[in-house]
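So the structure is just underneath, and the comments pick up after that.
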Amino acid sequence: MKLSIIGSGGREYAIAQKLLADNPQLELHILPGNAAMEDFAYIHPEITAEDITGVREFCQKEKIDFCVVTPDNPLVLGMVDALEEVGIPCFGPRRAGAMLEGSKSFAKEFMMRHGIPTAKYQHFTDFSAALEYARNSSYPLVIKADGLALGKGVAIPDSFTAAEEVLRDFMLGQKFGESSRQVVIEEYLTGPEISVLSFCDGKTIKPLVSSMDHKRIYDGDKGPNTGGMGVIAPNPVFSTAVAQEFQEKIMLPTLAGLQAEHIDFRGCLYFGLMLTASGLKVIEYNARFGDPETQVVLPLLRGNLLEIFQAVARGELEKVKVESTAQHAACVVMAAAGYPGPVEKGQEITYPPEILPYLVFAGVKRSAAGTLLSNGGRVINVLGYGDSLTAALNKAYENVEKVKFGSCQFRRDIGKRALEIEAGK
Ligand code: AMP
Ligand code: GLY
């Protein structure tokens, strides 16, 4: 069977690894992919993840049997619609479903229509109106670009002066182009965050193991937001009681809302949650696997990922089991110095070969001589597993010590907050 995956990061690497672990005979094509994936798949650097025509032509020419569309951009651009039009079955929502991620105002209105708990908000298309609202707000305040912004479209100003600057940058300066011409302004919530990825086929929804991402660049949750600097699973905040609350108040009402609005969502629906003093709230929906959540969640998934993907695409998710092992997993992201700002690329990466099964490569390329070089912000994800969170973290950090590349940076406190929560602190 020939399968294509759209994307090039750690998440796509992890999906490919799990698919191949369950189905070693698969012929995998990753578009565009990254250099480290050449060890187990064909990569196609000439076709970008946003190139709908290019991807469609490739899949037709190569007679691809199934396509996994992972990143937010192609989903929002309608890549799944375009592939299905020519008879290629896909894992990933069509454009209508991807709007849960592609427009914050759409997602908020959806939650309002279906009584799903989330932060109070206002949607602004007009700069002066947004500024006036910010002037009369209490701080901190949360300002979000309405559209996609590489996970960087959320600002949390702590004064009106700072909010004014953000609004100018977003709405007038169009910092994220069209995406930030409109904004959503939200009340600031506090509490631990939980990521729950789920499989959904439009009729049935099944959650995977919960996880905890670490979005800020520095230890102690300081500094700007990033795409994610590390993650652990399962998330100790997600107790049986919280899981119950999630199912009743969030997950099932979301599915019912999708059905009521005739949105046939077939893919991974990601719930970004916060456990506040007044209950569990949705911070965001994503219409795809999270990065780096996928890197810890998939290795804990029992069962055959390809069968699950195909069941989701056919609308037969009800027939397959989605279960996780009782293990714990931890992932530490090694990023290039300067990330999330501009970074130096082309630094040589070295590691002892025996830790390769614990490495997930993201921003990498090969030199002419074949050595692996850094080629982006988030370069390598280093994993550890164990029977406890402590064991998984120890293993991950032991592996981190063995990976070398130039001026890299990583957080030394991944899982620290989760351990405190486990200990009841
Ligand atoms: P998002 O891209 O919507 O997930 O936002 C990125 C991060 O910003 C979240 O993971 C939170 O840490 C933070 N954030 C978003 N919305 C809020 C909110 N209403 N209150 C507090 N923090 C928030
Ligand atoms: N880890 C957060 C995201 O994938 O959006």
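- The pair Arg56-Glu85 counts as a salt bridge, with a side-chain nitrogen and a carboxylate oxygen less than 4.0 angstrom apart.
- Under the 6.0 Å cut-off for aromatic ring centres, Tyr285 and Tyr270 do not qualify, their centroids lying 6.0 Å or more apart.
- Between Tyr385 and Tyr358, the angle of the ring planes lies from 30° to 60°, which puts this pair in the tilted group.
- Checking Glu293 against Ser211 by side-chain atom types alone, no donor-acceptor pair falls below 3.5 Å.
- Partners of Thr161 under the side chain to side chain contact (heavy atoms under 4.5 Å, CB included) rule, at least two apart in sequence or in another chain, are Ser159.
- The salt bridge (Lys or Arg N to Asp or Glu O under 4.0 Å) contacts involving residues 237-261 comprise Arg113-Glu261, where partners must be two or more places apart or lie in separate chains.
- Contact check on Lys416 versus Asp221 returns no salt bridge, with no Lys/Arg side-chain nitrogen under 4.0 Å from an Asp/Glu carboxylate oxygen.
- Partners of Ala49 according to the side chain to side chain contact (heavy atoms under 4.5 Å, CB included) rule, which considers only residues two or more places apart in sequence or in another chain, are Ile6, Pro32, Pro71, Pro74.
- Identified under the salt bridge (Lys or Arg N to Asp or Glu O under 4.0 Å) test for residues 299-315, with sequence neighbours left out: Arg314-Glu316.
- For Leu77, the side chain to side chain contact (heavy atoms under 4.5 Å, CB included) partners at least two apart in sequence or on another chain are Glu50, Ile52.
- To the nearest 0.5 Å, the span separating CD on Glu186 from CG on Leu141 amounts to 9.0 Å.
- For residues 128-137, the pairs satisfying salt bridge (Lys or Arg N to Asp or Glu O under 4.0 Å) are Glu132-Arg135, with sequence neighbours left out.
- The aromatic rings of Phe309 and Phe66 lie parallel to each other, with less than 30° between the two planes, well short of the 60° mark.
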